[in-house]
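The structure under discussion is supplied below as structure tokens; questions concerning it will follow.
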Amino acid sequence: MLLFFILGLLIHFVFFASIFDIYFTSPLVHGMTPQFTPLPPPARRLVLFVADGLRADTLYELDENGTSRAPFIRNIIMHEGSWGISHTRVPTESRPGHVALIAGFYEDVSAVAKGWKENPVEFDSLFNESKYTWSWGSPDILPMFAKGASGDHVYTYSYDAKREDFGAQDATKLDTWVFDNVKDFFRHARNNQSLFSKINEEKIVFFLHLLGIDTNGHAHRPSSRDYKDNIKKVDDGVKEIVSMFNHFYGNDGKTTFIFTSDHGMTDWGSHGAGHPSETLTPLVTWGAGINYPQRVSAQQFDDSFLKEWRLENWKRLDVNQADIAPLMTSLIGVPFPLNSVGILPVDYLNNTDLFKAESMFTNAVQILEQFKVKMTQKKEVTLPFLFTPFKLLSDSKQFNILRKARSYIKHRKFDKVVSLCKELIHLALKGLAYYHTYDRFFLGINVVTGFVGWISYASLLIIKSHSNLIKGVSKEVKKPSHLLPCSFVAIGILVAFFLLIQACPWTYYVYGLLPVPIWYAVLREFQVVQDLVTSLLTYPLSHFVGYLLVFTLGIEVLVLSFFYRYMLTAGLTAFAVWPFLTRLWTRAKVTSLSWAFFSVLLAVFPLMPVVGRKPDISLVMGAGLLVLLLSLCVVTSLMKRKDSFRKEELLVHLLQVLSTVLSMYVVYSTQSSLLRKQGLPLMNQIISWATLASSLVVPLLSSPAVFQRLFSILLSLMSTYLLLSTGYEAVFPLVLSCLMFVWINIEQETLQQSGVCYKQKLTSIQFSYNTDITQFRQLYLDDIRRAFFLVFFLVTAFFGTGNIASINSFDLASVYCFLTVFSPFMMGALMMWKILIPFVLVMCAFEAVQLTTQLSSKSLFLIVLVISDIMALHFFFLVKDYGSWLDIGTSISHYVIVMSMTIFLVFLNGLAQLLTTKKLSLCGKPKSHFM
């Protein structure tokens with residue numbers, strides 16, 4: 001059985017990884033020829049301002065007094081340049097945003113594995129193509145473009161990473177540092193002949209990365225005074241830098257300025273997903289080669305922003321974020337980045353029609369080059385009779401469009417050139433996407449085949465080894481045939497040979513060959529299938545159909561809960577009614593009423609707002625007080641039973657109560673310190689980490705009696721959870737644990753009612769490693785309900801705490817008691833533990849349910865695994881790469897979450913067993929405990 005779980009874990013890792021191979025492979029190709037416009041560019045130099053985390057609406061809108069927060073930028077829009085909205089893509093993080101801006105392509109999610117800091121793949125960029133680039137800003141962003149550049153012409157100046165503190169001092173100092181260092185740089189250049197000559201060259205770029213707005217947004221929310229004041233500081237800084245450039249270069253009119261953002265931010269201070277507040281960023285351009293403001297009487301857009309911002313009469317020119325890269329390259333006359341998929345927004349250009357036409361033609365040829373390379377690569381590794389070319393852009397059509405475009409340029413029909421080149425670009429981009437996803441169907445079929453095979457095998461294993469369903473149906477044992485293994489070996493060899501001659505990556509071998517042994521294992525159990533069919537035929541058809549419909553409905557409710565959290569409320573309400581529809585109500589009135597009460601109470605949480613959007617420390621304090629009150633009641637109750645409560649255990653409970661009090665103090669004092677912008681106190685940080693470290697050890701000192709051990713686990717984990725909470729979610733584990741305790745009791749009652757086993761007193765049952773295997777029973781139909789309850793409670797544990805199936809539901813403020821300096825992996829790990837704490841509480845309760853119902857953990861866990869995998873298969877089919885970026889990101893998040901949950905279940909099961917069965921002693925050797 002251990003081997004089965006190890007194999008199952010590996011298989012689930014493959015299924016989990018498959019989504020990244022199918023949907024998130026790198027779009028980059030190499031081997032193209034650089035393309036540049038063969039006409040003199042309008043600018044010698046370009047200055048790029050990127051205000052990290054700046055939302056379009058917050059910049060463009062007027063404040064409550066009717067004045068702009070960025071008067072200089074607004075003056076540019078009205079009198080000097082062109083403006084619009086830059087539409088970003090998922091994931092809305094700093095690294096992918098900057099890659100789209102500077103390299104012109106949308107990076108794959110593999111970069112997240114390196115915290116958006118390093119280069120998972122090499123790529124070309126505007127900085128690489130420039131003669132020189134000087135950049136100032138964050139150490140998280142600047143190095144990746146210097147590292148990817150050829151030669152030694154990209155210079156970076158960044159502050160220490162410790163300055164990126166969400167809690168200490170004023171984050172606007174990050175931007176002030178950039179502006180001051182740029183001024184110092186130009187002052188120094190006047191006295192350094194070598195540097196002076198370099199910054200007077202053509203084709204040079206100055207990049208100012210401004211992180212203060214993003215930092216203030218995370219720490220205080222975009223609606224805060226800090227965020228909005230930071231915009232004013234940035235506006236003043238940009239004004240000073242522009243004035244300095246004009247003065248330094250003698251107002252030569254050869255400098256282009258571009259002001260934009262890498263991504264926006266939600267109202268609750270996060271980003272990463274596809275909400276409009278995250279994907280809509282500002283773009284303001286002025287200077288050499290840029291069109292002056294265009295007054296219009298009316299504009300047609302699907303939104304009402306123009307009226308809200310009072311910019312109805314100034315022409316708005318929207319672009320995709322990757323379009324900014326070709327715009328910048330054409331302005332200073334450097335080759336387009338080789339991997340750019342941006343389309344030159346010619347409406348921004350103030351130049352001759354010939355220049356616009358030639359630039360657009362160069363853009364088309366550059367993207368067409370990528371299409372050709374991609375097609376050639378795919379053709380070389382595909383068997384000729386299997387290769388299906390992209391029919392909309394054949395070789396002859398490419399030649400005809402390019403020839404026609406050249407002819408139009410010769411005859412000065414420049415508008416036709418632009419429209420023809422745009423058509424060619426759109427076709428080439430469609431072709432790139434076609435070849436990029438060429439193997440998607442093949443991979444998807446393999447993964448689905450493996451998935452269905454695994455679910456079938458796990459189901460057969462449950463029926464064969466853990467149930468009485470087919471016992472006595474067939475006594476005949478057939479001699480195994482050699483034909484079946486030989487057939488599957490032959491299939492495996494054929495699949496491997498097919499992949500080998502197509503030079504497929506090694507991962508394709510995993511996806512292609514994995515279904516072979518899985519389905520061999522399924523077909524080996526053909527006799528079980530026959531016996532199962534025979535057994536089911538003896539059941540009334542109406543019963544079978546009824547059970548199947550109920551099971552299907554349960555699965556669908558779980559799936560729908562990922563889209564609509566209120567489905568969990570509906571499910572929990574149904575749970576509350578359940579005892580009253582059975583004989584449980586007559587047998588155990590108090591237990592049934594408690595179950596109904598806590599089910600309804602828990603059902604309120606999925607209706608609450610998403611966590612982090614409305615932080616309220618008073619609710620965290622209230623949750624702490626409830627924990628202390630509950631502790632007092634429980635300890636008083638246990639002390640009355642002198643025979644079962646020793647001084648050592650009293651000391652453990654007092655230690656946990658002290659830990660809860662300290663957690664409440666740390667939360668309150670940290671919040672006060674951050675509001676005063678004094679940072680995270682060192683003592684608070686030490687207490688927080690010590691509480692986290694001890695939370696998994698202290699419960700092991702408590703009694704292994706079921707109630708006492710579960711209560712001890714709750715107290716320890718609640719201390720940590722309070723430190724990670726910002727609002728109402730702090731109460732959730734308490735309510736969940738109360739329901740879990742009632743669940744343990746009610747399952748005892750259901751088992752006694754069905755006559756499967758006698759009822760034991762909960763106080764007499766102890767967790768133990770040394771469980772008597774002979775006490776385990778076989779599975780019954782009602783055990784499917786128990787497994788479904790577990791899955792439902794696990795899903796509730798995720799969504800009930802205010803999470804949504806999206807990156808942006810996680811609030812960085814949750815980790816401020818532990819650290820405030822930006823550290824993506826450490827912050828991510830802490831937020832992951834916050835999510836897992838309710839999971840651990842549910843799994844520990846599940847251990848008790850298995851123990852009290854005398855059921856093997858392996859058999860019940862197998863049912864849970866099957867239910868989870870059916871859900872995962874649902875979401876695999878629901879993953880899509882079309883529609884809005886919000887829909888795409890959400891569909892992928894759903895699959896990742898449910899697969900992660902399935903994988904974590906194996907580890908959580910082990911952790912729950914450790915927390916419930918292991919016993920440490922404060923002094924002397926630990927005692928052994930038996931049931």
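This chain uses plain numbering: 1 for the first residue, then up along the sequence. Just so you know, these numbers come straight off a predicted model, no measurement behind them.
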_I'd like to know if the side chain of Asp52 pairs up with that of Ser261 as donor and acceptor (distance under 3.5 Å, no hydrogens or angles considered)._
no

*asked:* When you compare the side chains of Ser194 and Asn192, does any donor N or O come within less than 3.5 Å of an acceptor on the partner?
replied: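 No - no donor-acceptor pair under 3.5 Å links their side chains.
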
*Given side chain to side chain contact (heavy atoms under 4.5 Å, CB included), test Leu101 with Thr260 step by step and report yes or no.*
CA-CA 9 Å; Leu101 283 169; Thr260 187; 3.8 Å; yes

*If you take all heavy atoms of Ala100 and Ala325, which pair is closest and at what distance?*
O-CB, 4.2 Å

*asked:* Less than 4.5 Å apart, side chain to side chain, heavy atoms only: is that true for Thr266 and His271?
replied: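 No; the side chains remain at least 4.5 Å from each other.
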
*asked:* Pair Lys677, His220 - check side chain to side chain contact (heavy atoms under 4.5 Å, CB included), show working.
replied: CA-CA 11 Å; Lys677 296 187 179 179; His220 307 290; 4.1 Å; yes

*Heavy-atom pair of closest approach, residues Phe301 and Arg316*: CZ-O, 3.5 Å

*asked:* Ignoring hydrogens, what is the shortest heavy-atom contact between Lys203 and Gly333? Give both atom names and the distance.
replied: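 Nearest pair, atom of Lys203 first, then Gly333: CE-O, 3.1 Å.
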
*Report yes or no: does Gln294 contribute a side-chain atom to a donor-acceptor pair with the main-chain N or O of Trp314 at less than 3.5 Å?*
no

*Asp347 and Asn291: side-chain donor and acceptor closer than 3.5 Å?*
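On atom types as modelled, these side chains do not qualify, holding no pair under 3.5 Å.
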
*With rounding to the nearest 0.5 Å, note down the distance linking CZ in Phe186 to CZ in Phe245.*
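Reported value, rounded in 0.5 Å steps: 3.5 Å.
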
*Heavy atoms, side chains only, cut-off 4.5 Å: are Leu210 and Leu174 in contact?*
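A side-chain contact is absent here, since even the closest heavy-atom pair is not under 4.5 Å.
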
*Between Arg69 and Glu61, does at least one N-O distance fall below 4.0 Å, as a salt bridge requires?*
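Glu61 and Arg69: salt-bridged.
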
_Between Phe49 and Phe207 (judged by ring centroids, cut-off 6.0 Å), do the two rings come close enough to count as a pair?_
no

*Sequence neighbours excluded, which residues qualify as side-chain hydrogen bond (donor to acceptor under 3.5 Å, both in side chains) partners of Asp415?*
none

*Nearest-0.5 Å distance that lies between atom CD in Gln370 and atom CG in Leu338*: 8.0 Å

*Could you tell me which non-hydrogen atom of Gln321 sits nearest to which non-hydrogen atom of Tyr106, and how far apart they are?*
N-OH, 3.6 Å

*Rounded to the nearest 0.5 Å, how far apart are CG of Asp175 and CG of Asp236?*
11.5 Å

_So, applying side chain to side chain contact (heavy atoms under 4.5 Å, CB included) with Thr285, which one of Leu349, Ile290, Ile76 is it?_
Ile290

*Once the angle between the rings of Phe371 and Tyr435 is folded into 0 to 90°, is it parallel (under 30°), tilted (30 to 60°) or perpendicular (over 60°)?*
tilted

*Under 3.5 Å, is there a donor-acceptor pair between the Asn339 and Asp124 side chains?*
no

*Validation row, ring centre Tyr60 to ring centre Trp83 under 6.0 Å*: yes

*Of Val50, Leu59, Val242, the residue whose pairing with Phe259 passes side chain to side chain contact (heavy atoms under 4.5 Å, CB included)*: Leu59

*Between NE2 of His30 and CZ of Phe123, what distance do you get to the nearest 0.5 Å?*
10.5 Å

*Lys239/Asp235 under salt bridge (charged side-chain N to carboxylate O under 4.0 Å, His left out): CA gap, chis, key distance, verdict*: CA-CA 6 Å; Lys239 182 179 180 180; Asp235 185 68; over 6 Å; no

*May I ask you to decide if Ala322's main-chain N or O and Asn320's side chain share a donor-acceptor pair within less than 3.5 Å?*
no

*asked:* Using modelled atom types and a 3.5 Å cut-off, is there a donor and acceptor pairing between side-chain atoms of Ser407 and backbone atoms of Arg403?
replied: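 Checking the backbone N and O of Arg403 against the side chain of Ser407, no donor-acceptor pair under 3.5 Å is found.
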
*Count the heavy atoms belonging to other residues, nucleotides or ligands that lie under 6.0 Å from CE of Met826, then report whether that count exceeds 12.*
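It does not: Met826 CE has 12 such atoms or fewer within range.
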
_Can you confirm whether Leu432 sits close enough to Leu429 that some side-chain heavy atom of one is under 4.5 Å from a side-chain heavy atom of the other?_
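Leu432 reaches Leu429 side chain to side chain.
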
*Tell me, yes or no, whether the heavy-atom count around Lys404 atom NZ, taken from other residues, nucleotides or ligands under 6.0 Å, exceeds 12.*
no

*Is the backbone N or O of Lys413 less than 3.5 Å from a side-chain atom of His411, with the two atoms forming a donor-acceptor pair by type?*
no

*asked:* Do His218 and Met265 make a side-chain contact, defined as non-hydrogen atoms from C-beta onward lying under 4.5 Å apart?
replied: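 They are in contact (side-chain heavy atoms under 4.5 Å apart), so the answer is yes.
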
*Before giving the answer on salt bridge (charged side-chain N to carboxylate O under 4.0 Å, His left out), spell out for Glu278 and Arg55 the whole-Å C-alpha distance, their side-chain angles and the decisive distance to 0.1 Å.*
CA-CA 7 Å; Glu278 299 166 272; Arg55 290 164 49 148; over 6 Å; no

*Side chain of Asn351, backbone of Phe355: donor and acceptor closer than 3.5 Å?*
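Flag not set: sc Asn351 to bb Phe355 has no pair under 3.5 Å.
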
*Please work out whether the ring planes of Tyr132 and Tyr155 are parallel, tilted or perpendicular, with thresholds of 30° and 60°.*
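Rings of Tyr132 and Tyr155: parallel, as their planes differ by under 30°.
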
_Backbone of Gly342 reached by a side-chain donor or acceptor of Asn363 within 3.5 Å_ = yes

*For residues Thr92 and Thr88, is any side-chain donor paired with an opposing acceptor at under 3.5 Å?*
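Looking only at side-chain atoms, Thr88 and Thr92 do not form any donor-acceptor pair under 3.5 Å.
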
*asked:* Taking Leu283's backbone N and O only, do any of them form a donor-acceptor pair with Ser86's side chain (distance below 3.5 Å, no angle check)?
replied: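 A pair under 3.5 Å: no.
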
*Got a donor-acceptor contact below 3.5 angstrom from the Asn246 side chain to the Asn251 backbone?*
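Not confirmed, Asn246 side chain does not pair with Asn251 backbone.
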
*Considering all heavy atoms, the nearest Trp177-Gly137 contact*: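 That would be CZ3-N, 4.2 Å.
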
*Side-chain contact test, heavy atoms from C-beta onward, threshold under 4.5 Å: evaluate it for Pro222 versus Tyr227 and give yes or no.*
yes

_To the nearest 0.5 Å, what is the distance between CG on Leu327 and CD1 on Ile343?_
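The CD1 atom of Ile343 is 13.0 Å from CG of Leu327, to the nearest 0.5 Å.
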
_Worked check of side chain to side chain contact (heavy atoms under 4.5 Å, CB included) between Lys254 and Glu202_ = CA-CA 9 Å; Lys254 291 293 182 180; Glu202 59 181 15; over 6 Å; no

*Which atom of Pro337 lies closest to which atom of Ile102, heavy atoms considered*: CG-O, 4.1 Å

*Tyr348 side chain near Val319 side chain, heavy-atom distance below 4.5 Å*: yes

*OG of Ser130 to CZ of Arg45: how many Å apart, nearest 0.5 Å?*
14.0 Å

_Main-chain N/O of Leu142 paired to Thr156 side chain as donor or acceptor, under 3.5 Å_ =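 No; judged by distance alone, with no hydrogens or angles, the pair does not exist.
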
*Is the count of non-hydrogen atoms from other residues, nucleotides or ligands lying under 6.0 Å from Lys430 atom NZ greater than 12?*
no

Check residues 33-44 and write down every donor-acceptor pair under 3.5 Å in which the side-chain atom is one partner and the other belongs to a residue at least two apart or another chain.
| residue | atom | partner | partner atom | Å |
| --- | --- | --- | --- | --- |
| Gln35 | NE2 | Thr33 | O | 3.3 |
| Thr37 | OG1 | Ser359 | OG | 3.4 |
| Arg44 | NH2 | Asn200 | O | 2.7 |

*Counting only heavy atoms not in Lys228, do more than 12 fall under 6.0 Å of its NZ?*
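Enclosed: over 12 neighbouring heavy atoms sit under 6.0 Å from NZ of Lys228.
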
*State, yes or no, whether a side-chain contact exists between Ile367 and Phe336 at a heavy-atom distance under 4.5 Å.*
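Counting from C-beta outward, Ile367 and Phe336 never come under 4.5 Å.
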
_Is the shortest side-chain heavy-atom distance between Glu358 and Leu354 below 4.5 Å?_
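Yes, close enough: below the 4.5 Å cut-off.
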
*Counting N and O atoms only, with roles assigned by atom type, does the side chain of His153 sit under 3.5 Å from a partner on the main chain of Phe127, one being a donor and the other an acceptor?*
yes

*Any idea how Phe185 and Phe206 line up, ring-wise: parallel (<30°), tilted (30 to 60°), or perpendicular (>60°)?*
perpendicular

